[in-house]
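See below for the structure under consideration.
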There are 4 protein chains.
Amino acid sequence: MPRTVKEHDVRKKEIVDTAERLFLEYGYEETPVEMIIHEVGIAKGTFYHYFRSKDDLLDELVEQLIEEVTGNIKRIAEESEGNAIERIFNVSLYFRNLGVRKQRLTDYLHEDRNVHLHHRLEKKVLPVMAGCYSRLIETGNEEGIFNVKYPYETAVGILGAANYLSEEHHEDLTRHVVKVDIYLAIIDLMERMLGMKEGKLIEFMKHTEGRE
Amino acid sequence: MPRTVKEHDVRKKEIVDTAERLFLEYGYEETPVEMIIHEVGIAKGTFYHYFRSKDDLLDELVEQLIEEVTGNIKRIAEESEGNAIERIFNVSLYFRNLGVRKQRLTDYLHEDRNVHLHHRLEKKVLPVMAGCYSRLIETGNEEGIFNVKYPYETAVGILGAANYLSEEHHEDLTRHVVKVDIYLAIIDLMERMLGMKEGKLIEFMKHTEGRE
Amino acid sequence: MPRTVKEHDVRKKEIVDTAERLFLEYGYEETPVEMIIHEVGIAKGTFYHYFRSKDDLLDELVEQLIEEVTGNIKRIAEESEGNAIERIFNVSLYFRNLGVRKQRLTDYLHEDRNVHLHHRLEKKVLPVMAGCYSRLIETGNEEGIFNVKYPYETAVGILGAANYLSEEHHEDLTRHVVKVDIYLAIIDLMERMLGMKEGKLIEFMKHTEGRE
Amino acid sequence: MPRTVKEHDVRKKEIVDTAERLFLEYGYEETPVEMIIHEVGIAKGTFYHYFRSKDDLLDELVEQLIEEVTGNIKRIAEESEGNAIERIFNVSLYFRNLGVRKQRLTDYLHEDRNVHLHHRLEKKVLPVMAGCYSRLIETGNEEGIFNVKYPYETAVGILGAANYLSEEHHEDLTRHVVKVDIYLAIIDLMERMLGMKEGKLIEFMKHTEGRE
DNA sequence: TATGAATGAGACTTCATTCAT
DNA sequence: AATGAATGAAGTCTCATTCAT
């Protein structure tokens, strides 16, 4: 009954943050609005003052994650040192290590209960990632290290190949089967798609391996 | 109130088929069990005789689709004539043209409301497709037309690249933006991933273009 | 957003009047505060400057109606010409013809949605009416036209009998059933309660009939 | 989460009974549906399976009370021994002593928070009571103890007079003011309305006084 | 097997009221 | 005084699932 009044954005962020935590812990469908508001300490009506629906909250959450992530991606792509290879590597590295609650975001998203989040996030992040990769590929073309005909499409292709391989990877882990080191495979495929000389990328990777 | 008794499998198929139609039209979440049973003309309880849950029905539906699809895929991969390229092409073609209710299944699956179906289907079909592609790649390697280091991973990579590009394509279509012909891009990328000589695949495709 | 400042009582009356109109049209419960303020053209907060609660507004409204009505009742009871019968008749007449929005207030109050208003109004008006009647009855006793043992109680009894008969009347009208002319019945009962000679009151009424 | 299945009418009565208890304790408006279901031990959805709305529940409750009460009233009116006076007396007595939770129902209903219940109950019980009284009055007319011109209207009038006097009485009690013994007044008024000889009814009452 | 009313979970809506500006 | 976004209370609806018959 005691009323706590907070600034719009503060309270909103509070709700979104709590939802993020709970969605990742229990999954979107398995997290009742009831649970969120209880955790935040607000009433039903308050929730629906800020969000049209539970689904709308997911949108906002995705939006917030996107904002946070895409900003970094772009910055890394544009500001990090080195040639195109190095920059793509840095972006990938950032993305792969992106974590929530001590676990990699990408691992989280591959869990079945997070389809909703995964799907929406992917839909929004993909164009940004693809844009970055595309520009870097063009740079690489100019630098003479890459030889790519369709930069944007190749960017999308690389992301698709890498993601599917990661997903397969997750499946394998779930089934406790591990085949080839998928990172080697991804590198091999990138090399091919980027039109690099064979072994060039692997060589580069070995240099930076320690940094991870 | 009149009670219709049917053979178990007949009735089950009837439910699954109706569900398929409704899920694709309205989406999984937006199709109440109520709607399905009303359409089929059975009672609530009857539904739960056949399926443990609505989710279970989705599983069965996916299973049924899988059975139908993977059988064909394997057959096409193994029995169709020609070299590895031709066979991969045939499999892809079959998959791409797979339709429901006068529309391509793949188009359907990319609609937002079908995340559930998409996710589960992909998870099950991918290994089968990848297996086929993988074997064909090995054949191609042996035939000397391909030069692939990690056949299975490359198979997954090709599927990922192709799917992401299709999805991007769908998004573009939704936004009424059309860029490069993605089919050309996909072919270019496959050529590279399969380690073929540049232009070799495109050349081949042109020959068979009319058949589609 | 433009801010209109008005004198306290003017604004207050404006709100009460609007509320009266809306309460009678939609009923107390079915009239959101939102509706009232929208109609008046003020903000939520402003409403709560003038009234502690929606319920408080109802009180004020009742108070205002009471003030308006009881003043007239007392005046008619005390100042109107003629003997006790005539005066009671005049008071009743005034009350019965009291109208809101072209309809009799008493008719309005008998509608289901106006329980709140009815109840509170009755509770406040009854003592005033009973007081008037009671004094008039005593006068009549002195004048020798009435012969009443418990003036105040008889006053209340007359009001009760008359009201219940009117309510029954309303119900009958709703069900499109009309039985005996209730006015004749009310007059008969008053005659008895007031200890008049049979037919005396009816006779009197006939004289003044035209005035109504 | 454990499910308790009960027969429709059993469960329904359970809800209505609980509601009756709570409504009378806290008042209709001050009893949330939440409270009712918590007390009964059922879920929201279950409640709305049985009742279209909280208001609908009130209707059912009234219906149930009516059924219970009107049956008795009619029986007493028709089966109890003695002449018309005695019977009317018995009905009144039954009604006046009708209790809920150790308190007289009529006292309960006069509490402000029970307007809803009061209003609806009165609306439904009145016709029944009036019907009984009306028939008894006709009997009394025939027996020569009464001399009533409009039996039904007089019945309604008696009920109105008696109720208003009781209400006034309640108000007085609340304000700790006690005036004339209202029972004497009511008897006096009934005597007059029923066209009895003065003092006849009081005399009769004195005989039966002890029985109460 | 078939039925559908009964049940529980939870999304969503409406609305009175408060409070920082 | 005036404003209206913010808040909490509570009503209602939709839907998956269970169970007695």
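Throughout, protein chains are lettered first and strands after them, A, B, ... in sequence-line order, and every chain is numbered starting at 1. Note that the coordinates shown come from a computational prediction; the quantities given were computed from them, not determined experimentally. Note that these values count all heavy atoms, side chains included, but never hydrogens, waters or copies made by symmetry.
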So ring pair (Phe, Tyr, Trp, His ring centres under 6.0 Å) across residues 19-42 of chain C, not counting sequence neighbours, yields C/Phe23-C/Tyr28, C/Tyr28-C/His116
Nearest-Å distance for atom pair [atom1]/[atom2], residues [X] and [N]:
{"X": "D/Ile15", "N": "E/dA6", "atom1": "CD1", "atom2": "C1'", "result": "11 Å"}
{"X": "A/Ile36", "N": "E/dA11", "atom1": "CD1", "atom2": "C1'", "result": "11 Å"}
{"X": "B/His38", "N": "F/dT14", "atom1": "NE2", "atom2": "P", "result": "16 Å"}
{"X": "C/Phe23", "N": "E/dA16", "atom1": "CZ", "atom2": "C1'", "result": "12 Å"}
{"X": "A/Phe51", "N": "F/dA5", "atom1": "CZ", "atom2": "P", "result": "17 Å"}
{"X": "D/Arg11", "N": "E/dT7", "atom1": "CZ", "atom2": "C1'", "result": "8 Å"}
{"X": "C/Tyr26", "N": "E/dC15", "atom1": "OH", "atom2": "C1'", "result": "17 Å"}
{"X": "B/Ile42", "N": "F/dA16", "atom1": "CD1", "atom2": "P", "result": "14 Å"}

Between [X] and [N], does any side-chain N or O lie under 4.0 Å from OP1 or OP2?
{"X": "D/Thr46", "N": "E/dG8", "result": "yes"}
{"X": "D/His49", "N": "E/dA5", "result": "no"}
{"X": "D/Tyr50", "N": "E/dT7", "result": "yes"}

Contacts of B/His119 meeting side-chain hydrogen bond (donor to acceptor under 3.5 Å, both in side chains) (sequence neighbours excluded), chain-then-number -> none
So, using side-chain contact (heavy atoms from CB on, under 4.5 Å) as the criterion, who are the partners of [X] when residues are at least two apart?
{"X": "D/Leu121", "result": "D/Val62, D/Leu65, D/Ile66, D/Leu105, D/Leu109, D/Val125"}
{"X": "C/Val40", "result": "C/Glu14, C/Ile15, C/Thr18, C/Ile36, C/Ile42"}
{"X": "A/Glu34", "result": "A/Pro32, A/Ile37, A/Lys44"}

Listed range with range, the stems formed with DNA chain F by at least 3 consecutive Watson-Crick or G-U pairs (under 3.5 Å) are E:2-21 with F:2-21
Output for pair (A/Glu20 CD, A/Leu117 CG), nearest 0.5 Å, gives 8.0 Å
Quick note, side chain to side chain donor-acceptor pair (under 3.5 Å) partners involving residues 52-64 of chain C, not counting sequence neighbours, are C/Lys12-C/Glu60, C/Asp17-C/Gln64, C/Arg52-C/Asp56, C/Asp55-C/Arg120, C/Asp59-C/Arg120, C/Glu63-C/Lys124
Scanning both residues in full, the closest heavy-atom pair of A/Ala19 with A/Leu57 reads CB-CD2, 3.6 Å
Residue set satisfying salt bridge (charged side-chain N to carboxylate O under 4.0 Å, His left out) with C/Glu29, at least two apart, ordered chain then number -> none
By nearest-heavy-atom nucleotide on DNA chain F, the more 5' of A/Gly41 and C/Ala43 is C/Ala43
Between the protein and nucleotides 10-13 of chain F, are there any N/O to N/O pairs under 3.5 Å, and if so, what are the atom names and distances?
from   : atom 1 : to      : atom 2 : distance (Å)
F/dG11 : OP1    : D/Lys54 : NZ     : 3.2
F/dG11 : OP2    : D/Val33 : N      : 2.6
F/dT12 : OP2    : D/Tyr48 : OH     : 2.5
F/dT12 : OP2    : D/Lys54 : N      : 3.1
F/dT12 : O4     : D/Lys44 : NZ     : 3.4

